[in-house]
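A, B, ... follow the sequence lines: proteins, then strands. Residue 1 opens every chain.
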Amino acid sequence: MNVLSFLNLVDLLVCAVVLIAAGGAALHRNLLSAVVFAGVASLAVSFLFLRLAAPDVAMTEAAIGAGLSTVIFLIAVRRTQETEEEDR
Amino acid sequence: MGNHEMIGAVVTLVGSVFLFLGALGIVRMPDLYNRMQAGTKATTLGNLMALLGIGIIHPAWLIKLVLIALFVLITNPLSSHALARSARRSGVPLADVTVRDEYEEVLVEKGIEP
Amino acid sequence: MRTIVGFFAAFITLLALWLALVGNLDPQEIAAGSIVAVAVAVIARGAPFTGRSLRFLHPRRLVTALVYIPYLLWSIVESNVDVALRVIDPSLPIRPGIVRVRTRLKNPVARLVLANSITLTPGTLTVDLCEDELCIHWVDVQARNIDEATKKIVTGFERFLEVIFE
Amino acid sequence: MNNPVLILELALVLAGAAALLAVWRLLKGPGPFNRAVAMDVLGLVTMPMMAALALYSGRGIYLDVALVYAVLSFLGVTALARYADRGL
């Protein structure tokens with residue numbers, strides 16, 4: 001296997017991680033866990049941007065996704081409640 | 001294919017082995033605190049060695065890679081300490097194999113029931 | 001006087017960090033870095049680490065600090081191998097527990113470095129720091145009382161940190 | 001086994017396996033704290049992978065992404081811990 005096809009395999013795996021993490025962030029009942037899932041999704045997306053040869057976008061994604069948006073989500077969670085309730 | 005490339009590749013490989021063992025630790029260990037020991041510590045050395053190996057392969061990047069390693073060395077213990085402290089305070093249980101817990105009395109003294 | 005020395009220490013550190021980040025010694029970079037470093041040093045003039053910086057230039061402290069860094073790295077490697085061997089052992093030989101240890105250090109920065117060093121070596125993880133006791137999660141508890149635990153975990157680092165910071 | 005590229009690929013495979021194990025803990029781990037540990041490990045694994053990607057593509061600017069992530073990733077975890085402790 002040469003380097004290129006190997007890296008394509010890595011890309012596919014990272015895509016799967018993005019899907020899993022984004023699904024977890026959307027579906028999880030505990031909002032703190034959902035915040036962590038969102039952080040992982042943004043990390044994987046930033047890695048994908050790097051693979052697509054866009055380091056500046058990846059840098060922004062890493063900074064905003066890992067640092068800022070986690071804090072903002074947590075501030076938002078504090079103003080609501082931690083576990084989501086089923087509405088009827 | 002210089003000699004330094006070979007050395008750097010081997011150092012990176014050893015670092016990756018530590019990364020893998022640390023990640024294996026967070027799957028195998030029984031509770032949060034032991035997972036933290038394996039996960040965020042064994043991977044620190046793996047991270048440092050992998051970065052160093054890449055720095056040996058490409059010496060022009062060595063300064064920047066050492067800076068990354070320095071930031072990891074400073075920030076990693078901070079975050080894992082904060083995580084362990086708040087997890088213990090909000091009552092994440094210790095595993096059954098735990099020998100003793102001398103922190104409990106401190107928490108009771110302070111009036112925080114875990 | 002103290003604030004001026006602290007200001008220059010912060011300025012030089014920030015400028016060195018800037019130059020390491022950009023990776024060259026172009027006059028433009030030095031000029032831009034100086035402006036940013038002055039701005040940050042003015043904003044952060046009351047912060048810890050910026051006061052009383054000259055005493056760290058005492059040769060005894062400097063030499064001890066230079067010895068401390070390889071000592072810390074070596075203990076990281078040593079205990080890393082230990083934890084890695086525990087992880088791959090099929091029977092998972094751990095005896096975890098949280099123990100309390102005492103520290104003689106009084107300086108807050110010295111305590112920060114001590115707690116960070118303990119956390120960096122795998123096998124031990126600082127959970128909390130209250131007055132002069134640290135609560136440490138230990139993967140393999142080998143001590144029966146507080147003095148023994150102190151001797152096993154803290155003393156090695158404390159020997160160096162006492163000289164560097166106190 | 002005397003080809004550096006081959007050894008690097010093997011290292012990359014091991015790092016990818018480590019990332020997958022961390023994703024397993026992320027999905028399974030009970031509660032937000034275990035997931036935060038998994039996120040921490042994922043960050044530590046991703047940094048050398050980004051550096052290896054920089055080596056493959058030969059562009060030094062990729063390292064800046066890893067640098068930004070190293071500086072900022074602890075912020076999210078620390079904010080989470082602080083929130084769980086006493087509400088940001």
(request) Please check if the side chain of B:K64 supplies one atom and the backbone of C:A20 the other of a donor-acceptor pair under 3.5 Å. (result) no
(message) Working to the nearest 0.5 angstrom, can you tell me the gap between B:K41 NZ and C:T119 OG1?
(response) 6.5 Å
(message) Among B:V66, B:V17, B:L21, which residue has the highest count of heavy-atom pairs closer than 4.5 Å to chain C?
(response) B:L21
(request) Look up atom CD1 in C:I88 and atom CG in B:L24, then write down how far apart they are to the nearest 0.5 Å. (result) 8.5 Å
(request) Give a yes or no answer on whether the side chain of B:R28 reaches the backbone of C:P90 with a donor-acceptor pair at less than 3.5 Å. (result) yes
(request) Quick one: which of B:P77, B:A82, B:A87, B:P30 has the most heavy-atom pairs under 4.5 Å with chain C, could you say? (result) B:P77
(request) Kindly give the heavy-atom pair with the smallest separation between C:H137 and B:Y33, and that separation in Å. (result) NE2-CB, 3.4 Å
(request) Select, from C:I94, C:I76, C:T121, the one with the greatest count of heavy-atom pairs under 4.5 Å involving chain B. (result) C:I94
(message) What's the separation between atom CG in C:L17 and atom CG in B:L70, rounded to the nearest 0.5 Å?
(response) 9.0 Å
(message) Working note: C:V87 + B:M29, criterion side chain to side chain contact (heavy atoms under 4.5 Å, CB included); need CA distance, chi angles, decisive distance, verdict.
(response) CA-CA 8 Å; C:V87 168; B:M29 288 294 194; 4.0 Å; yes
(message) Let me confirm one number: the CZ-CD1 distance from B:R88 to C:I98, rounded to the nearest 0.5 Å.
(response) 5.0 Å
(request) Identify which part of B:L45 has an atom lying under 4.5 Å from any heavy atom of chain C, answering side chain, backbone, both or neither. (result) both
(message) Between B:I63 and chain C, with a heavy-atom cut-off of 4.5 Å, which part of the residue counts as in contact: side chain, backbone, both or neither?
(response) side chain
(request) Please look at C:T124 and chain B and tell me whether the side chain, the backbone, both or neither of the residue comes under 4.5 angstrom of a heavy atom of that chain. (result) backbone
(request) Please name the pair of heavy atoms, one in B:R85 and one in C:V127, separated by the smallest distance, quoted to 0.1 Å. (result) CB-O, 3.2 Å
(message) At a 4.5 Å cut-off on heavy atoms, which part of B:M36 comes close to chain C: side chain, backbone, both, or neither?
(response) side chain
(message) Counting heavy-atom pairs closer than 4.5 Å to chain B, which one of C:L125, C:V83, C:V77 comes out on top?
(response) C:L125
(request) Please determine, among C:L120, C:I118, C:L21, the option with the most heavy-atom pairs under 4.5 Å with chain B. (result) C:L120
(request) Look at B:N34, B:L48, B:D31 and state which one has the largest set of heavy-atom pairs under 4.5 Å with chain C. (result) B:N34
(message) With a 4.5 angstrom heavy-atom cut-off, is it the side chain or the backbone of B:L73 that approaches chain C, or both, or neither?
(response) both
(request) Could you check B:F18 against C:V81 for side chain to side chain contact (heavy atoms under 4.5 Å, CB included), going step by step and ending with a plain yes or no? (result) CA-CA 9 Å; B:F18 276 111; C:V81 172; 4.0 Å; yes
